[in-house]
2 protein chains.
Amino acid sequence: MTKVAALVSDRPVVRKRDAEATQAAILAAAKSHFARSGYEGAFLRDIAADAGVDAALINRYFGGKDGLFAAALKHSIRPHAFHDWQRETFAVEMAKMMAGHAHQDMDRTHAFQFLLRAATSPVTAPLVNAAVQERFMGPIRAWIGGPNVEARARIFAAVFIGLLVERLIRDEPLEGRERKVFIERTAAVLQSLVEA
Amino acid sequence: MTKVAALVSDRPVVRKRDAEATQAAILAAAKSHFARSGYEGAFLRDIAADAGVDAALINRYFGGKDGLFAAALKHSIRPHAFHDWQRETFAVEMAKMMAGHAHQDMDRTHAFQFLLRAATSPVTAPLVNAAVQERFMGPIRAWIGGPNVEARARIFAAVFIGLLVERLIRDEPLEGRERKVFIERTAAVLQSLVEA
DNA sequence: GCTCTATGTCAACGGGCAATGACATACGCG
DNA sequence: CGCGTATGTCATTGCCCGTTGACATAGAGC
């Protein structure tokens, strides 16, 4: 696609030589493909094609499919900015986001799909679990605080993940009164979980 | 394994000729492998070996890998017995189950992993979503009842799924006081969701 | 402008997998 | 007992994917 566009436009046919940009393009394509198809279902040729690059470059820059996956994983798990959340308002904000459609937030949706798939595969699960513990559960525990953090953090994480999955599976967004009720009650649940 | 056992025992070396049992064995092995490894990561040779059968039989009975996957999917989604749940006790029962370890219930765990994987793949997602709607969300709506069923059922489903995922990801089960608190608060959340 | 290196492309190979068709044999039926 | 079909096995084939090494060329440094 990129190449075709280049052919009909006035831009040069040959790819600009920019290693950094190329790696970024490969990584972006990889995250998308891994998210949609999982590790085994994603093919290097397809990823390379999406990035507008020859497949051999993946081996040069990432040392093979494994390396590319690891890089994509590392790039997908970044610590959520829990510290920015206000205890008084976060619940409603989050509930509103969950009531919306997944397509509105494709970047995060892809990242989440990617993690979900990787977490359910025994090959990649250890990597994911370790990263999730460190970069997701850790911050959540710190943010929630209070007694019995472990139990409460787990429930919070479960609800959080469940809402994301539900949003992912569902095609039709909620409307009108149902939407309003969904937000109210979801916010109530979330709020109750951060209180000791 | 089956063959080896047969060799050292007094039972015949050659497999008993029972098409129905063979198909059931293949299907069971397939569900397990698809759950663990996804569609692309599961190999017919391995499935056949687990079932104690030659791989060619899969093609004969299920018409190829696609057919086997479809059969396994169909077999994995069966309506949950919500009608058996008692409104007063289900919350605690479910919370206790969620506090336990996934290994204690491998059959359901595999089925859930299988569905989760299938639901996040664009190829199989439509099949899964339709079946989930009919055989999971439908019964939940009916069981919950009351006003704004749609919104409340979705939150309930989200929490349910989230708890399953959390249980799946976690290796270490909760112990002692944390476990007690987890059950109490999880039960409280679940209970609140079935009340109008 | 020459050269050298980093970047990008191409063609081929080797392994592994699903699928296929020929072959073997148990079991029902006469 | 003999035959035929359903069931199970084996060897082969063809395809697809990841990887590799040789080749091409832009662009920097001199």
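First the proteins, then the strands, lettered A, B, ... as listed; each starts at 1.
As a whole-Å value, the separation of Asn59(B) CG from dT12(D) P is 18 Å. Across the protein-nucleic acid pair, Asp46(B) atom CG and dG16(C) atom C1' stand 11 Å apart, rounded to whole Å. Atom CZ of Phe62(B) and atom C1' of dT7(D) are 14 Å apart (whole Å). The distance from atom CD of Glu20(B) to atom C1' of dA6(D) is 14 Å, rounded to the nearest whole Å. The nearest whole Å value for the distance from the CD atom in Glu40(B) to the C1' atom in dA18(C) is 14 Å. Put simply, CD1 on Ile47(B) is 12 Å from C1' on dC17(C), counting in whole angstrom units.
Checked against dC17(C), dT7(D), dT19(D), the side chain of Leu44(A) finds its nearest nucleotide in dT19(D). Between dT19(D), dA19(C), dT9(D), one nucleotide has an atom nearer to the side chain of Asp54(B) than all others, and that is dT9(D). Candidate nucleotides dT9(D), dT20(D), dC17(C) were compared by shortest atom distance to the side chain of Leu57(B), and dT9(D) ranks first. Looking at the side chain of Lys65(B), the nearest of the listed nucleotides dT7(C), dT19(D), dA19(C) is dA19(C). For Ala56(A), the side-chain atoms get nearest to dC10(C) when compared with the rest of dT7(C), dA24(C), dC10(C). Among the nucleotides dC10(D), dT19(D), dC27(C), the one closest to any side-chain atom of Arg17(B) is dC27(C).
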Glu172(A) vs Arg154(B), salt bridge (charged side-chain N to carboxylate O under 4.0 Å, His left out): CA-CA, chis, key distance, verdict: CA-CA 12 Å; Glu172(A) 311 154 19; Arg154(B) 286 206 196 181; 5.0 Å; no

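When each of Arg60(A) and Ala55(A) is assigned the nucleotide of DNA chain D bearing its nearest heavy atom, the one mapping closer to the 5' terminus is Ala55(A).
Aromatic ring orientation, Phe34(B) versus Phe69(B): perpendicular (interplanar angle above 60°, classes split at 30° and 60°).
The line from CD1 of Ile183(B) to CD of Glu178(B) is 12.0 Å long, rounded to the nearest 0.5 Å.
Between Thr22(B) and dG8(D) there is a side-chain N or O to OP1 or OP2 distance below 4.0 Å.
Residues passing the side-chain contact (heavy atoms from CB on, under 4.5 Å) test with Lys74(B): none are found, sequence neighbours excluded.
Nucleic acid contact for Ala48(B): none, since no nucleic acid atom lies under 4.0 Å from a heavy atom of the residue.
Phe136(A) has its ring centre less than 6.0 Å from the ring centre of Phe160(A).
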